[in-house]
Undergrad: 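Below is a structure I'd like to ask you about.
Small disclaimer: the values here were computed from a predicted structure and weren't measured. Letters A, B, ... mirror the listed sequences (proteins, then strands); counts begin at 1.
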Amino acid sequence: MSDLPKSYDHTKVESDIYKKWMDSGYFTPENLPNAKTREPYTIIMPPPNANAPLHVGHALGMTIEDILIRFERMRGKKTLWLPGTDHAGFETQVVFEKKLEKQGTSRFKMTREEFYKGAWDFVQENKHISEEGIKRLGASCDWTRNTFTLDPEVVKIVYQTFKQMHEDGLVYRSGRICNWCPKHQTGLADLETKYEERVEPFYYLKYGPFTIGTSRPETKYGDKYVVLHPDDKRYEKYKPGETFEAEWINGPVKATIIKDKAVDMEFGSGVMTITPAHDPVDFEIAQRHKLNYEQIIDKRGKLLDIAGEFAGQKILDARLKIVEKLGKIGLLEKTDEKYKHNVQLCYKCGNLIEPQIVPQWYIKMTEKLKDGRPSLRDIALKALNKKEVQIVTEKFEKIFRNWMENIRDWPISRQIWWGIPIPVKYCSDCQEVIIDIDDKTQSCPKCASSRLEKDPDTFDTWFSSGQWPYATLMANQAKKDRQDLETYFPTQVMETGWDILFFWVARMVMLSYYKTHKSPFEKVFLHGLVRDKDKQKMSKSKNNVVDPLGVIDLYGCDALRFALIFSTSAGNDIPLSEDKVKGMKHFGNKLWNISRFILSNSVIASPDAERGEAILPKEKIASDALAMTDADKDILAKLDALIKSSTVNLENFRLHEAAQEIYQFVWHEFADVYIEASKTQLKDEKLKANTLATCYLLLATCLKLLHPFMPFITEHIWSILRERKLVEDELLIVADWPKTLDLLEQLVSEASGYP
RNA sequence: GGUCGCAUAGCUCAGUUGGUUAGAGCGUUGCAUUCACAUUGCAAAGGCCCCUGGUUCGAGUCCAGGUGCGAUCACCA
């Protein structure tokens with residue numbers, strides 16, 4: 001009898017197997033057998049946040065990437081999967097600030113250096129946790145190339161890109177209005193804000209001869225322009241540029257009439273006053289008509305001195321009091337109207353965005369490049385048209401196009417401290433802008449003044465991670481004497497969640513074409529969101545967050561991986577339940593017991609089974625073709641079909657279909673049908689050898705097909721087969737992917753006597 | 001308001017280019033159990049594939065319209 005335990009225990013083998021793989025060196029492509037003749041196949045890992053433990057979304061991504069990498073490695077590619085971790089600027093700063101808050105302090109009570117040092121140590125402490133998590137997920141990535149987004153080599157590349165863009169006139173600093181989060185004290189890109197529907201009172205105020213509507217009376221201090229639609233018949237008699245005296249909140253003002261098509265005649269009274277310093281639409285109107293404007297609200301969201309007795313109050317606190325005052329002085333005409341509109345919020349803290357005029361660096365998205373190439377936006381669209389970048393599943397390509405077509409300039413500066421500082425100095429005397437990527441410039445090259453002021457801002461994280469595919473390869477090239485960029489770029493696949501299609505994928509495409517003239521990757525595979533069994537988003541507040549490592553402890557990494565892949569079609573959200581993982585653990589056990597059965601029979605029924613006989617079943621089977629039973633022929637034909645179809649499915653990213661058909665075959669064909677038939681066949685001396693050989697072939701092939709999905713148990717069983725000299729390759733991770741044998745045709749022709 | 005998507009078994013979902021009796025996991029019901037595995041096996045129940053119309057020899061799959069649901073983007077005070 002077999003000496004193997006009755007059930008498979010993942011806890012005893014997973015870490016040993018990962019170590020075995022590490023020791024083999026096969027995660028590093030140059031160490032693979034016949035590395036020189038292999039064709040490169042590269043995936044750059046989306047670097048998880050160094051500061052947070054992995055969540056189940058990471059587990060999904062890592063699993064998909066690992067499946068692709070293991071599949072291609074077995075198919076003979078020179079596979080590089082480059083791991084990394086992300087300093088995750090804004091995200092981490094928010095987490096770190098919360099920690100400070102708990103300690104009763106805040107970044108505004110520290111120097112910038114103290115803060116940066118604190119955040120750095122915080123991240124370094126946690127960084128190994130994510131790396132450990134990646135390993136426990138079975139990721140066969142090349143740790144010798146592990147890269148951190150703040151590695152000096154990476155930062156240098158980011159700086160060089162910025163400098164080049166500045167020389168090309170692609171980046172500029174502008175004092176236009178931006179999204180401002182009063183809590184986090186930073187500007188945000190449109191993408192970093194969200195909208196929420198609110199129903200709020202809508203007030204009608206008397207403004208000279210007009211009635212204006214507003215939901216934000218507190219911003220109306222200082223309003224001295226009234227804007228009408230040029231085609232509005234009601235106000236035909238008022239000419240643009242005319243002025244009039246109006247009694248207003250803070251006393252009489254001299255108001256000027258402006259006509260602009262931005263006004264909606266149907267909305268409210270069809271008349272509005274503008275607050276250019278705190279509203280994007282108003283700002284644009286002011287720009288068009290070259291109007292003056294004044295700051296009413298400070299960066300913390302409090303009213304300034306212009307608000308008189310309300311100065312220093314938070315706007316929401318002041319609103320009702322101001323309405324009351326307006327009523328008292330007879331300016332309030334109507335208050336009972338409700339108004340449903342979308343308010344813009346910080347995506348991180350959910351606080352109201354208060355637009356502010358703060359200088360920011362922007363990248364031009366729609367302007368032609370100096371070297372004659374189209375704009376960054378158009379280059380990316382062209383790449384899609386020419387299929388140099390393909391997004392898996394067409395729907396994402398459509399979404400991508402739609403977003404690209406409406407793109408606006410990208411603000412890349414943030415007023416946060418944790419991140420890559422913007423390498424710019426300003427001359428206090430002549431205002432010269434100096435790009436200083438080595439931080440060595442001491443005096444202004446233009447006027448020789450030594451009064452230089454450093455830009456206080458940091459880059460948007462996505463500006464640096466948008467360069468990740470080439471930056472990682474270049475950084476490794478700089479660290480070690482390797483030709484990584486030449487060898488592994490462009491990469492083959494970018495696998496990530498669809499939620500960062502715009503944040504990340506779009507920027508990678510644009511920046512890579514800009515810098516390298518090449519696409520960063522051939523294909524983009526987007527996975528969906530992992531949800532709980534009730535399709536709810538996982539969140540701490542709902543207490544339904546699945547900790548992947550906890551699941552691995554309970555059911556094993558293979559079970560988690562298989563459960564995640566099993567019903568995952570590209571880009572659709574995935575409900576994950578404990579039952580599903582449990583079911584997949586059962587499947588692993590099934591495979592284990594198939595192996596036990598075969599091994600126990602190979603000892604008793606065929607003590608003389610030689611290695612050669614076992615590993616070359618095809619020849620053995622062929623020579624004995626006439627002795628084959630229908631069961632033998634049937635299962636081999638099905639195996640053959642499985643090899644073909646699962647290979648094609650994997651090639652086309654239909655991982656779930658491959659997983660399902662392999663599952664189906666192993667359990668319901670191999671085990672339920674063939675193993676049952678073999679029990680009789682093994683008792684027949686004439687059929688015994690052939691039956692065993694068929695079992696070996698089936699088992700070895702299934703282990704190979706399953707290995708990308710369930711790397712640990714398959715490698716473990718393989719090692720047992722190997723100990724008994726039943727398989728040739730030492731490690732399954734580098735075994736050859738099964739080739740179709742066209743067995744059935746061969747068997748039929750031989751059995752029937754025709755060549 | 002723009003864009004995109006979804007609707008298939010009790011639940012969660014697969015179903016690539018249109019092609020026989022539409023599948024899986026979990027759940028339900030009945031039977032089996034010294035024989036690899038109770039983390040099991042065998043069997044069963046359960047589907048106008050949202051509705052209407054069209055294209056086709058043939059539609060869950062393609063087209064049009066409808067209904068319901070959702071995602072995402074967006075400067076209407």
Side-chain angles (χ1 to χ4, degrees), chain A residues 1-2 4-8 177 179 190-191 193-195 202-203 212-217 219-220 223 227 262-275 279-285 339 341-342 344 355 393-403 405-408 498-499 501-502 528-529 531-535 555 559 562-563 566-601 645 648-649 651-654 656-657 659-661 663-664 667-668 671-672 675-676 678-679:
Chain A
M1 270 304 288
S2 169
L4 300 173
K6 276 181 107 171
S7 59
Y8 170 68
I177 198 159
N179 306 314
D190 288 342
L191 272 178
T193 66
K194 56 182 181 183
Y195 289 86
F202 195 69
Y203 305 99
I212 60 153
T214 182
S215 59
R216 303 195 57 187
T219 65
K220 294 290 147 193
D223 282 7
V227 189
V263 178
D264 181 350
M265 290 185 273
E266 309 294 318
F267 187 86
S269 57
V271 186
M272 65 181 192
T273 59
I274 55 171
T275 313
D279 184 285
V281 179
D282 295 3
F283 182 82
E284 279 174 23
I285 293 172
Y339 166 53
H341 66 152
N342 290 324
Q344 196 179 16
T393 79
E394 227 172 287
K395 78 169 179 186
F396 286 118
E397 190 161 319
K398 286 182 193 167
I399 294 171
F400 186 90
R401 272 176 200 283
N402 185 257
W403 186 75
E405 280 157 10
N406 297 307
I407 201 168
R408 296 193 294 166
W498 59 258
D499 51 325
L501 181 62
F502 306 142
L529 221 62
R531 294 168 180 269
D532 76 0
K533 62 178 170 33
D534 302 316
K535 287 184 78 178
Y555 301 105
F562 217 65
F566 204 72
S567 52
T568 306
S569 56
N572 291 336
D573 289 352
I574 302 130
L576 180 71
S577 65
E578 190 163 342
D579 279 345
K580 199 191 250 172
V581 183
K582 203 188 273 177
M584 294 308 158
K585 182 184 157 75
H586 295 173
F587 174 63
N589 199 54
K590 192 74 186 176
L591 184 69
W592 176 253
N593 274 294
I594 290 171
S595 314
R596 273 182 79 215
F597 174 79
I598 293 173
L599 286 170
S600 64
N601 277 291
S645 128
V648 172
N649 279 329
E651 283 170 343
N652 291 290
F653 301 98
R654 296 190 292 262
H656 62 292
E657 286 188 60
Q660 286 179 24
E661 64 193 350
Y663 176 100
Q664 193 63 18
W667 199 317
H668 301 298
D672 289 351
I675 295 274
E676 290 309 314
S678 78
K679 287 175 183 171

Undergrad: Can you tell me how the ring of Tyr8(A) sits relative to the ring of Trp592(A), calling it parallel under 30°, perpendicular over 60° and tilted otherwise?
TA: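 If you compare the ring of Tyr8(A) with that of Trp592(A), the planes turn out tilted.
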Undergrad: Please classify the nucleic acid contact of Ile594(A) as base, sugar-phosphate, or nothing, using heavy-atom distances under 4.0 Å.
TA: base
Undergrad: Determine the interatomic distance between P on G18(B) and the same-named atom on A64(B); round to the nearest Å.
TA: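 Each nucleotide's P atom is 16 Å from the other's.
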Undergrad: When you compare U61(B) with C69(B), how far apart are their P atoms, in angstrom units rounded to a whole number?
TA: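 It works out to 23 Å between them.
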Undergrad: Looking across every strand, which nucleic acid part, if any, lies under 4.0 Å from Val227(A) by heavy atom: base, sugar-phosphate, or nothing?
TA: nothing
Undergrad: Just compare C73(B), A71(B), A74(B) and give me whichever is closest to any side-chain atom of Asp190(A).
TA: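 The closest nucleotide is A74(B).
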Undergrad: Identify each atom pair where a protein N or O and an N or O of nucleotides 39-45 of chain B are less than 3.5 Å apart, giving names and distance.
TA:
residue : atom : partner   : partner atom : Å
U39(B)  : O4'  : His586(A) : NE2          : 2.9
U39(B)  : O2   : Asn589(A) : ND2          : 3.3
U39(B)  : O4   : Ser7(A)   : OG           : 3.2
U40(B)  : OP1  : His586(A) : ND1          : 3.4
U40(B)  : O3'  : Lys590(A) : NZ           : 3.2
G41(B)  : OP1  : Lys590(A) : NZ           : 3.3
G41(B)  : OP1  : Trp667(A) : NE1          : 2.2

Undergrad: Between Phe400(A) and Phe396(A), is the gap from one ring center to the other below 6.0 Å?
TA: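 No, ring centres 6.0 Å or more apart.
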Undergrad: The criterion is side chain to side chain donor-acceptor pair (under 3.5 Å); which residues satisfy it with Arg401(A), sequence neighbours excluded?
TA: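 In terms of side chain to side chain donor-acceptor pair (under 3.5 Å), with neighbours along the sequence ignored, Arg401(A) is linked to Asn385(A), Glu397(A).
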Undergrad: Need one value for Ile274(A): base, sugar-phosphate or nothing, where a base atom within 4.0 Å counts as base even if backbone is also close, heavy atoms only.
TA: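 Contact class for Ile274(A): none.
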Undergrad: Using a heavy-atom cut-off of 4.0 Å across all strands, would you classify Asn406(A) as base, sugar-phosphate, or nothing?
TA: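 Here Asn406(A) touches no strand at all.
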Undergrad: Applying a 4.0 Å non-hydrogen cut-off, can you work out what Ala563(A) is touching in the nucleic acid: base, sugar-phosphate, or nothing?
TA: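 No contact at all - Ala563(A) keeps every heavy atom at 4.0 Å or more from the nucleic acid.
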Undergrad: In the structure shown, which nucleotide is the Watson-Crick or G-U wobble counterpart of A24(B), with both distances under 3.5 Å?
TA: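 With both distances under 3.5 Å, A24(B) matches U12(B).
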Undergrad: Tell me the partner of U72(B), counting only Watson-Crick (N1-N3 plus N6-O4 or O6-N4) or G-U wobble (N1-O2 and O6-N3) with both under 3.5 Å; none if nothing fits.
TA: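 G2(B) is the nucleotide pairing with U72(B).
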Undergrad: Name the pairing partner of U56(B), where a pair is Watson-Crick or G-U wobble with both distances under 3.5 Å, or state none.
TA: none
Undergrad: Take atom C1' in U52(B) and the same atom in G68(B), then report the distance between them in whole Å.
TA: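 U52(B) and G68(B) have their C1' atoms separated by 15 Å.
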Undergrad: What is the nucleic acid contact for Lys679(A), judged by heavy atoms within less than 4.0 Å: base, sugar-phosphate only, or nothing?
TA: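 Here Lys679(A) touches the bases of the nucleic acid.
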Undergrad: So, OP1 or OP2 of C37(B): does either fall under 4.0 Å of a side-chain N or O from Lys6(A)?
TA: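 Yes, Lys6(A) has a side-chain N/O under 4.0 Å of OP1/OP2 on C37(B).
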Undergrad: Using atom C1' in both nucleotides, what's the gap between A45(B) and U72(B) to the nearest angstrom?
TA: 42 Å
Undergrad: In Watson-Crick or G-U wobble terms, both distances under 3.5 Å, what is the partner of C50(B)?
TA: G66(B)
Undergrad: Could you tell me how far A9(B) sits from C49(B) if I compare only their P atoms? Round to whole Å.
TA: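 Result for the P pair: 10 Å, nearest Å.
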